[in-house]
Amino acid sequence: MTEKEKMLAWELYDPLDPELVQARDRARDLCQELNATRAKDREERRRVLKELFGKGGESVWMEPPFFCDYGANILLGERVFFNFNCVVLDVCQVKIGDFTLFGPAVQIYTAMHPMNAELRRKQEFGKPIEIGSDVWVGGGAIICPGVKIGSKTVIGAGSVVTKDIPEGVVAVGNPCRVIREITE
């Protein structure tokens, strides 16, 4: 397996592999282009977003600055919204459903590092993240590797999501926990 194949399969991989370095450089260049645009540069933003994301660049609503590792591993549903200063470390797939909203400074991490210090010097791994449709993630929240968040859920501002959260609930805190169901 290539290092990229290992990375996407949630196995230990060498992040300094030339193919991965080149892919990260591509994403960082595209993020830099995006972050340098002005609000009136809608066509340029759309071009960059379509090139950056694996899926969903056609309809995502993005408030720069935005930062990610690869971009190609981010699969967005229709009309996902990222507010200012969001970060997605997408060494594994990040799948986000339709009409999901991210407040400012939300951070989504798929990247992980071994506990063994010697191994950590050379390799890392990741776990994918899946976020349903119609989710609202409050500002400053952190979503940790391997987490699934169900559709129509609200994650409170500043929460640290370390475990799966079911659909249709309000969840808050560090660690994030369900406090109630959402009723119509």
Side-chain angles (χ1 to χ4, degrees), residues 27-28 30-32 34-39 41-42 45-46 48-49 52-113 124-184:
R28 285 178 175 75
L30 288 168
C31 286
Q32 187 172 2
L34 174 70
N35 297 339
T37 62
R38 295 179 181 272
D41 299 334
R42 288 176 185 82
R45 280 188 183 176
R46 186 61 57 206
V48 172
L49 292 166
L52 179 62
F53 293 124
K55 180 182 174 223
E58 306 81 24
S59 69
V60 64
W61 180 8
M62 175 73 63
E63 294 290 354
F66 174 81
F67 305 94
C68 65
D69 274 334
Y70 296 95
N73 299 325
I74 301 171
L75 307 177
L76 305 174
E78 290 296 312
R79 292 189 50 201
V80 171
F81 172 71
F82 287 96
N83 212 322
F84 301 101
N85 215 29
C86 288
V87 175
V88 181
L89 302 184
D90 61 316
V91 303
C92 284
Q93 188 176 83
V94 175
K95 187 175 180 185
I96 300 170
D98 300 336
F99 304 102
T100 289
L101 311 173
F102 296 97
V106 169
Q107 300 175 53
I108 300 171
Y109 306 148
T110 63
M112 298 188 68
H113 302 279
E124 61 185 44
F125 66 103
K127 292 183 181 176
I129 290 174
E130 188 172 334
I131 301 168
S133 295
D134 297 298
V135 173
W136 174 23
V137 180
I142 297 172
I143 301 171
C144 292
V147 165
K148 290 182 182 178
I149 298 173
S151 293
K152 298 182 180 177
T153 283
V154 174
I155 304 295
S159 295
V160 179
V161 185
T162 60
K163 295 185 178 169
D164 292 355
I165 303 293
E167 70 176 53
V169 299
V170 175
V172 301
N174 181 6
C176 189
R177 66 195 183 293
V178 174
I179 59 168
R180 69 176 179 91
E181 288 186 28
I182 296 174
T183 55
E184 296 302 321

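Keep in mind that the numbers below use all heavy atoms, side chains included, and drop hydrogens, waters and symmetry copies.
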**Prompt:** Between R46 (side chain) and G57 (backbone), is there a donor-acceptor pair under 3.5 Å?
**Reply:** yes
**Asked** F53 and Y70: ring pair (Phe, Tyr, Trp, His ring centres under 6.0 Å), yes or no, with the steps?
**Response** CA-CA 8 Å; F53 293 124; Y70 296 95; over 10 Å; no
**Distance in Å, K152 NZ paired with E181 CD, rounded so as to fall on 0.5 Å steps** = 13.5 Å
**Message:** In the structure I gave you, are the side-chain heavy atoms of V106 and C86 within less than 4.5 Å of one another anywhere?
**Reply:** yes
**Message:** Show every side chain to side chain donor-acceptor pair (under 3.5 Å) that has at least one partner inside residues 80-107, sequence neighbours left out.
**Reply:** Q107-Y109
**Prompt:** So does Q32 have more than 12 non-hydrogen atoms from other groups sitting under 6.0 Å from CD?
**Reply:** no
**Message:** Once ring pair (Phe, Tyr, Trp, His ring centres under 6.0 Å) is applied, do any residues pair with F84, and if so which ones, sequence neighbours excluded?
**Reply:** none
**Request:** For residues L76 and I74, determine if any side-chain heavy atom of one lies less than 4.5 Å from a side-chain heavy atom of the other.
**Result:** yes
**Message:** What I'd like to find out is whether the side chain of F82 reaches to under 4.5 Å of the side chain of V88, using heavy atoms alone.
**Reply:** yes
**Asked** Nearest heavy-atom pair of V160 and C144: which atoms, and what distance?
**Response** CG1-SG, 4.1 Å
**Item:** Distance in Å, M112 CE paired with K127 NZ, rounded so as to fall on 0.5 Å steps
**Value:** 4.5 Å
**Request:** Under the side-chain contact (heavy atoms from CB on, under 4.5 Å) rule, what do M62 and F81 come out as? Steps first, then yes or no, please.
**Result:** CA-CA 6 Å; M62 175 73 63; F81 172 71; over 6 Å; no
**Request:** Apply side-chain contact (heavy atoms from CB on, under 4.5 Å) to D41 and list each qualifying residue two or more places apart in sequence or on a separate chain.
**Result:** T37, R38, E44
**Item:** Check against side-chain contact (heavy atoms from CB on, under 4.5 Å), W136 and I155
**Value:** CA-CA 6 Å; W136 174 23; I155 304 295; over 6 Å; no
**Asked** Under the 3.5 angstrom rule, does the side chain of T153 hit a backbone N or O of P166 as a donor-acceptor pair?
**Response** yes
**Asked** Does C92 have any side-chain contact (heavy atoms from CB on, under 4.5 Å) partners at least two apart in sequence or in another chain, and if so, which?
**Response** W10, T110, P128
**Prompt:** side-chain contact (heavy atoms from CB on, under 4.5 Å) with K163: which residues, sequence neighbours excluded?
**Reply:** none
**Asked** Heavy-atom distance under 4.5 Å between the side chains of R177 and I165, does that happen here?
**Response** no
**Request:** Please report the C-alpha distance between F67 and N35 in whole Å, then the side-chain angles of each, then the deciding distance to 0.1 Å, and finally whether the side-chain contact (heavy atoms from CB on, under 4.5 Å) criterion is met.
**Result:** CA-CA 9 Å; F67 305 94; N35 297 339; 3.6 Å; yes
**Item:** Heavy-atom closest pair, residues G77 and S59
**Value:** O-OG, 3.9 Å
**Complete:** When every non-hydrogen atom of A141 is compared with those of G156, the smallest separation belongs to CB-O, 4.2 Å
**Request:** For residues I143 and V137, determine if any side-chain heavy atom of one lies less than 4.5 Å from a side-chain heavy atom of the other.
**Result:** yes
**Asked** Once you round to the nearest 0.5 Å, how far does CZ of F66 lie from CG of L49?
**Response** 8.5 Å
**Request:** Check step by step if side-chain contact (heavy atoms from CB on, under 4.5 Å) holds for I131 and V147.
**Result:** CA-CA 8 Å; I131 301 168; V147 165; over 6 Å; no
**Asked** So do V172 and S159 actually touch side chain to side chain, heavy atoms under 4.5 Å?
**Response** yes
**Item:** Pairwise side-chain contact, C31 with C68, heavy-atom cut-off 4.5 Å (strictly under)
**Value:** yes
**Asked** Taking side chain as C-beta onward, heavy atoms only, is L34 less than 4.5 Å from P64?
**Response** yes
**Complete:** Rounding to 0.5 Å, atoms CD1 (I96) and CG (L101) come to a distance of 11.0 Å
**Listed once per pair and sorted, the salt bridge (Lys or Arg N to Asp or Glu O under 4.0 Å) pairs that draw on residues 68-80, sequence neighbours left out** = R28-D69
